[in-house]
Amino acid sequence: MAKVTVVMPTYNDSATVGSAIESILGQKFSDWELIIVDDASTDNTRDLIRVLSEDHRIRVLHSAVNAGSGVARNRAIAEATGEYIAVMDADDISMPERLGDQASAMDADPSLAAVSSQMAEFGDWGGPVESNWPISRPEIARRQRAMKIPIPHPATMFRTADVRSVDGYDETCRRAQDYALFLKLSDRPMLCLPQVLLHYRTQRPLPLEYVIRNGRYAALARQRFDLSKRGVGTEDLPTVPTRSVVTDLNSVKSWMIRNVRERTGR
């Protein structure tokens, strides 16, 4: 058994998966296992993973069909032996201190369901640009009550028992799976460390179509969460995102605000 299980779903990430794996191999904290789930890649991702997974702490699972990152993560979570689950996307880079710093924070406070950190965004557009997520516990709790994402998911380490207690990621939400999981854990304490522990690869500007689709799935996640809290059975929950003028307008507004901030550096 490892202290930390790093969960890495990948689909056609041949250009970046090598750097992601190497960033885990370069951790100062050594008590980890890495479970990579190849979600039916059609490029040479599988070949690259095979070359880079000789370390005995790395396990590779292959999916027969592309089912999405939520399904892939849940498959890895089911196989995990670690006390903690560290999210790791196949196009990001973890800083060498990441797993150690986050595991120490979780060890120090057994009430925490999750801990994250600041990130540095980068991509073909340039970077890195450091994030500014709230680090005060009261502000994080306020975001939870407001049904907002409380801490940055790409850099998050979860307590395995907490994630399993809510059945992991909502596989119905092809997008916004991170948001759906945070909703299910919204009654549990979380923490965000002030230091940058992950370099987060992004696209600037984000395509508007992506933002609108993500907004619709986020609305579906909220609807499913609200109904389940009211006692509606899983089989009776909605499964398809719907078009909503209000939801789509809010997505357009957030897209415009994000673009302005990215152009001005604010």
Side-chain angles (χ1 to χ4, degrees), residues 70 84-87 89 98 101-121 129-170 173 175-198 200 202 206 211-212 214-231 241 244 246-262 264-266:
Y84 307 134
I85 297 286
V87 175
D89 289 336
R98 180 194 170 188
D101 286 1
Q102 292 183 329
S104 294
M106 296 287 274
D107 286 343
D109 187 349
S111 73
L112 288 174
V115 60
S116 190
S117 72
Q118 301 302 327
M119 307 184 298
E121 290 191 35
V129 176
E130 187 171 334
S131 66
N132 187 31
W133 284 80
I135 60 173
S136 77
R137 297 281 284 268
E139 178 59 26
I140 291 170
R142 278 193 291 270
R143 291 182 66 87
Q144 289 177 295
R145 291 192 297 272
M147 299 181 75
K148 296 181 178 180
I149 292 182
I151 56 178
H153 178 263
T156 297
M157 177 179 288
F158 293 99
R159 196 173 300 275
T160 306
D162 283 288
V163 173
R164 286 177 173 166
S165 73
V166 296
D167 297 324
Y169 291 86
D170 188 338
C173 297
R175 301 279 186 186
Q177 307 101 330
D178 53 349
Y179 177 57
L181 178 58
F182 280 130
L183 287 177
K184 293 195 287 184
L185 295 171
S186 58
D187 60 342
R188 310 182 195 196
M190 297 184 183
L191 179 67
C192 185
L193 301 176
Q195 64 267 38
V196 171
L197 294 178
L198 184 90
Y200 176 47
T202 62
L206 280 174
V211 175
I212 290 175
N214 202 67
R216 291 173 182 172
Y217 270 104
L220 175 64
R222 284 192 298 272
Q223 187 179 15
R224 287 172 59 83
F225 175 71
D226 284 339
L227 290 173
S228 65
K229 292 266 288 185
R230 297 177 194 173
S244 162
V246 173
T247 297
D248 289 354
L249 285 176
N250 284 335
S251 294
V252 172
K253 179 181 177 181
S254 67
W255 177 78
M256 294 174 67
I257 292 172
R258 178 187 177 108
N259 284 347
V260 169
R261 286 176 176 171
E262 289 175 350
T264 61
R266 297 178 182 176

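Using modelled atom types and a 3.5 Å distance limit, the side chains of Tyr217 and Asp170 yield no donor-acceptor pair.
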Q: Take Ser165 and Arg188 through the test side chain to side chain donor-acceptor pair (under 3.5 Å) and record every step on the way to the result.
A: CA-CA 12 Å; Ser165 73; Arg188 310 182 195 196; 2.9 Å; yes
Q) Going through the distances and angles, do Ile149 and Trp133 end up as a side chain to side chain contact (heavy atoms under 4.5 Å, CB included)? A) CA-CA 10 Å; Ile149 292 182; Trp133 284 80; 3.9 Å; yes
**Q.** His153/Phe158 under side chain to side chain contact (heavy atoms under 4.5 Å, CB included): CA gap, chis, key distance, verdict
**A.** CA-CA 10 Å; His153 178 263; Phe158 293 99; 4.1 Å; yes
Q: Check the pair Ile151, Phe182 against side chain to side chain contact (heavy atoms under 4.5 Å, CB included), reporting the backbone distance first and the verdict last.
A: CA-CA 9 Å; Ile151 56 178; Phe182 280 130; 3.7 Å; yes
Q: Could you check Ser117 against Asp101 for side chain to side chain contact (heavy atoms under 4.5 Å, CB included), going step by step and ending with a plain yes or no?
A: CA-CA 10 Å; Ser117 72; Asp101 286 1; over 6 Å; no
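Within the model, atoms OG of Ser186 and CZ of Arg143 stand 13.5 Å from one another, a figure rounded to the nearest 0.5 Å. The OG atom of Ser104 lies 13.0 Å from the CG atom of Asp109; values are rounded to the nearest 0.5 Å.
Checked by atom type and distance alone, the side chain of Arg159 pairs as donor or acceptor with a backbone atom of Met106 at under 3.5 Å. Checking side-chain atoms of Ser131 against main-chain N and O of Met119 turns up a donor-acceptor pair under 3.5 Å. No donor-acceptor pair under 3.5 Å is formed between the side chain of Tyr179 and the backbone N or O of Arg222.
Dense packing is recorded around CG of Asp187, with more than 12 heavy atoms of other residues, nucleotides or ligands lying under 6.0 Å away.
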